[in-house]
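The structure under discussion appears below in the form of structure tokens.
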Amino acid sequence: MELFHNQVTREQGVFSYRFNHHSFGLYLMAENVEASTTVLDFPSLSEFRREVRKGYDYIGISFIVPNAAKAGKMAEVVREESPSTKIILGGHGVSIQGIENLIPHDFICRGEGVGFLRRLLGETVDRPVRHPMLHSSFNRRVMGVPLPKMSGVLLPGVGCPNKCRFCCTSHFFGDYIPYLSTGKEMFDVCRGYEEKLGITDFGVLDENFLKSPERALELLDCIENEGKLYTFGIFSSAETLLALGNLDILVRLGVQFIWIGVESKREAYEKNRGVDFHDLIRELRERGISVMASSILFLEHHDKKSIWEDIDFAVSLRPDYLQFMQLGPMPGTALHDSYLKKGKLRSDIPYEEWHGQDKIWFRHPSFNGEESRELLKKAFMRDYEYAGASLLRAIDTMLRGYRYALGHSDPRVRRRAESFTLVKQMRHFLPAARLLSSNRATGELAKQLASRYRALFGPRSAGDYMVSAAVTGFAVAEWARIRYMSDVRHPGKNLRRYRWSKSDEDLSVCMTPALAPEA
Ligand code: B12
Ligand code: SF4
């Protein structure tokens with residue numbers, strides 16, 4: 001249940017970020033029905049079994065394609081322990097063809113869940129949506145150092161209208177379904193987080209947040225009028241970034257992390273037409289915006305030579321984080337249907353393996369499964385060896401952004417220097433980084449950053465030396481744990497009850513005017 005360690009920094013050893021993430025959709029749905037509800041996130045099978053024995057009217061199981069077997073086992077447990085309970089299946093896993101015959105169930109929700117549940121339970125569909133308050137990640141460690149939970153998640157909407165051929169979410173939701181339609185609504189949720197939990201940094205879980213520029217600009221107005229320094233991590237396609245005209249708008253908005261789909265050097269997708277990614281990524285990083293770039297491997301046109309052209313292209317962009325994903329014909333997408341028709345899908349690979357970080361599950365003219373696994377690993381290694389640890393690249397970006405803001409002539413950009421709240425603390429990672437660097441690029445970057453810190457903030461104090469020593473202690477222990485034990489981390493069970501009793505804590509903000517009845 002990790003993003004970075006599974007799909008991004010996976011070959012970076014002790015430098016790999018270790019964060020877990022909640023199953024956000026579950027909390028959103030629980031918040032938005034009237035019935036008493038329990039969310040049980042990451043239970044073990046026995047914990048799940050115990051909860052099922054309470055005899056619920058309905059149990060919803062959320063799963064994605066690679067988790068279909070687990071969902072099947074859970075449904076069997078429900079039938080065994082509480083035969084009168086109705087089972088509802090939801091999430092991307094329900095796109096699997098023939099799911100009706102694979103997993104015991106009573107109802108299937110295909111697409112948006114809040115409207116579906118309200119309808120099923122006989123509630124009013126078009127009443128306001130309450131936004132849950134959740135940390136965007138928890139159980140956070142960087143180089144073994146435990147970090148506090150600092151960011152909240154915002155769920156402005158699901159789906160995307162671009163409908164790229166391979167993309168699950170855009171196909172699953174049909175179109176874009178907003179939960180927070182205006183910038184003011186988003187701002188109010190941010191303020192709610194700040195008031196209730198002291199959170200001012202947000203992960204925006206929206207496939208293409210800037211696709212609605214009016215909403216983003218209204219949010220910017222609210223932030224500047226109220227003098228807030230909220231910061232955001234967003235997903236965006238390159239076209240929507242360029243449509244902004246001036247990237248300083250992002251700095252003023254407080255964007256500090258952007259995930260962009262570069263996909264392939266060839267302009268394989270409309271959203272990337274005419275984009276100079278080298279330029280775009282350099283300009284973003286210069287402004288203190290860390291970039292996560294995604295590249296797809298094993299596209300149709302890839303052969304043993306051209307795939308390396310794409311890998312080297314992606315690496316040469318020097319983003320802070322680089323994700324390589326294998327092309328994945330996922331059920332429900334146009335890509336899947338076309339591969340199915342052409343007989344390209346392999347029937348011998350179970351759904352557990354359909355996740356894009358091990359072996360491809362279709363017949364590629366130039367690569368078999370084993371080769372795809374090896375090549376993916378090499379691609380990640382190439383990036384790590386060329387540009388060094390992502391942690392250090394992100395520190396580099398932070399320092400650049402801090403200086404960019406400080407030296408800017410526009411006071412609205414200048415005030416954003418204060419948003420780089422971690423800039424001084426990150427210095428403490430550098431001695432550990434130098435000690436544990438396992439390639440030249442990482443060692444060099446750590447050295448360079450140390451001298452830039454000296455130039456910007458002066459020499460380290462005695463207190464700084466002590467903190468750095470503690471960080472190094474954590475890092476060495478983590479290095480030893482990975483090397484001699486295991487690097488597996490499983491998030492513990494999280495149980496939250498809604499409307500069971502008056503004392504249940506209300507952690508939500510009532511926001512949007514209404515969910516469209518047809519959603
Ligand atoms: C956050 C996230 C994660 C988190 C997961 C946190 C967690 N605890 O689940 C992390 C980073 C750990 C992660 C990991 C992975 N992920 Co992921 N992830 C996402 C992401 C970006 C957002 C999901 C989200 O919260 N959306 C917001 C909520 C509100 O939407 P939702 O979850 O879809 O829920 C709505 C509906 O689907 C429906 N619904 C969902 N469940 C249920 C249940 C019931 C009963 C009902 C009625 C309705 C319902 O109602 C909800 C409200 O409308 C999506 C992409 C996206 N933008 O959707 C990919 C996505 C879900 N991930 C995906 C994949 C492939 C993975 C990985 C396998 C990647 C990898 N190789 O490592 C791993 C698997 C981890 C695991 N073991 O399960 C794919 C799934 C593809 C598929 N068709 O199955 C997606 C769609 C990305 C993509 N475009 O390919 N992921
Ligand atoms: S732009 Fe991104 S989210 Fe939208 S359809 Fe394409 S891949 Fe999916």
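As the structure lists them, so they are numbered: ligands from 1, and atoms in each ligand from 1. Only this structure's heavy atoms are used, side chains among them; waters, hydrogens and symmetry mates stay out.
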- Message: Using a 3.5 Å cut-off on N or O atoms only, is Glu112 in polar contact with ligand 1?
- Response: yes
- Message: Could you check whether any side-chain heavy atom of Ile96 comes within less than 4.5 Å of a side-chain heavy atom of Leu102, counting everything from C-beta outward?
- Response: yes
- Query: Looking only at distance, does Ile88 have an N or O less than 3.5 Å from an N or O of ligand 1?
  - Reply: no
- Item | Min N/O separation Asp41 to ligand 1 under 3.5 Å | no
- Message: Heavy atoms only, cut-off 4.0 Å: how does Met325 contact ligand 1, side chain, backbone, both, or neither?
- Response: side chain
- Going by heavy-atom distance to atom 63 (C) of ligand 1, choose the closest among Asn494, Ile64, Leu26. Ile64
- Item | Close N or O approach (Asn6, ligand 1; < 3.5 Å) | yes
- Query: Nearest protein heavy-atom contact for atom 8 (Fe) of ligand 2: which residue, which atom, what distance?
  - Reply: Cys167 SG, 2.3 Å
- Please verify whether a non-hydrogen atom of Gly111 lies at under 4.0 Å from ligand 1. yes
- Message: Looking only at protein heavy atoms, which one is nearest to atom 7 (S) of ligand 2, and what is the separation?
- Response: Lys271 NZ, 3.4 Å
- Any chance the side chains of Asp487 and His5 put a donor and an acceptor closer than 3.5 Å? yes
- Note on the structure: Of Ser294, Cys160, Cys164, Pro161, the one whose closest heavy atom lies nearest atom 6 (Fe) of ligand 2 is Cys164
- Query: Rounded to the nearest 0.5 Å, how far apart are CD1 of Ile59 and OG of Ser82?
  - Reply: 6.0 Å
- With a 4.0 Å heavy-atom cut-off (strictly under), which part of Ser23 contacts ligand 1: side chain, backbone, both or neither? both
- Query: Any protein heavy atom sitting closer than 4.0 Å to atom 81 (C) of ligand 1?
  - Reply: yes
- atom 91 (N) of ligand 1 touched by protein heavy atom at under 4.0 Å: no
- Query: Would a search of protein heavy atoms around atom 46 (C) of ligand 1 find one under 4.0 Å away?
  - Reply: yes
- Using a 4.0 Å heavy-atom cut-off, say whether Phe172 meets ligand 1 through its side chain, its backbone, both or neither. side chain
- Message: Please compare Asn208, Thr169, Leu89 and report which has the shortest non-hydrogen distance to atom 55 (C) of ligand 1.
- Response: Thr169
- Task: Compute the centroid of each ring, for Tyr230 and then for Phe187, and state whether the two points are separated by less than 6.0 Å.
- Result: yes
- Under 6.0 Å between the ring centres of Phe209 and Phe235? no
- Please work out which of Gln7, His5, Met1 has its closest non-hydrogen atom nearest to atom 14 (C) of ligand 1. Gln7
- Query: Applying a strict 4.0 Å limit to heavy atoms, is Phe235 in contact with ligand 2?
  - Reply: no
- Item | Any protein heavy atom nearer than 4.0 Å to atom 31 (P) of ligand 1 | no
- Query: Can you tell me if Glu309 and Ser306 form a side-chain donor-acceptor pair at under 3.5 Å?
  - Reply: no
- Heavy-atom distance from atom 17 (Co) of ligand 1 to the protein below 4.0 Å? no
- Message: I'd like to know whether ligand 1 has Phe42 as a neighbour, heavy-atom separation below 4.0 Å.
- Response: yes
- Task: Pick, from Phe4, Phe173, Tyr58, the option with the minimum heavy-atom distance to atom 33 (O) of ligand 1.
- Result: Phe173
- Measure up the Trp354 and His336 rings against each other and bin them: parallel (under 30°), tilted (30 to 60°), perpendicular (over 60°). tilted
- Message: With a 6.0 Å cut-off (strictly less than), is the heavy-atom count around NZ of Lys163, excluding the residue itself, greater than 12?
- Response: yes
- Query: Angle class for the Phe257/Tyr321 ring planes (parallel below 30°, perpendicular above 60°, tilted otherwise)?
  - Reply: tilted
- Query: Hey, which atoms in ligand 2 end up nearer than 4.0 Å to a heavy atom of Ser170?
  - Reply: 5 (S)
- Task: Over 60° means perpendicular and under 30° means parallel, so classify the ring planes of His364 and Phe298, tilted if in between.
- Result: perpendicular
- Using a heavy-atom cut-off of under 4.0 Å, does the side chain or the backbone of His22 touch ligand 1, or both, or neither? backbone
- Item | Charged tip of Lys344 within 45° of Tyr339 ring normal and under 6.0 Å | yes
- Message: Under 4.0 Å from atom 3 (C) of ligand 1, can you find at least one protein heavy atom?
- Response: no
- Query: Which of these passes salt bridge (Lys or Arg N to Asp or Glu O under 4.0 Å) with Glu81: Arg50, Lys54, Arg49?
  - Reply: Arg49
- Task: For ligand 1, indicate whether the residue Asp206 contacts it via side chain, backbone, both or neither (heavy-atom separation under 4.0 Å).
- Result: neither
- Message: For atom 49 (C) of ligand 1, is there a protein heavy atom at a distance under 4.0 Å?
- Response: yes
- Straight-line distance of Ile61 CD1 to Ile88 CD1, nearest 0.5 Å: 9.5 Å
- Query: Relative to atom 43 (C) of ligand 1, which among Gly90, Gly25, Gly115 owns the nearest non-hydrogen atom?
  - Reply: Gly90
- Query: Is any heavy atom of the protein nearer than 4.0 Å to atom 8 (N) of ligand 1?
  - Reply: yes
- Query: Could an N or O of ligand 1 be found under 3.5 Å from any N or O of Ser62, whether backbone or side chain?
  - Reply: yes
- List the closest protein heavy-atom neighbour of atom 68 (C) of ligand 1: residue, atom name, distance to the nearest 0.1 Å. His355 CB, 3.5 Å
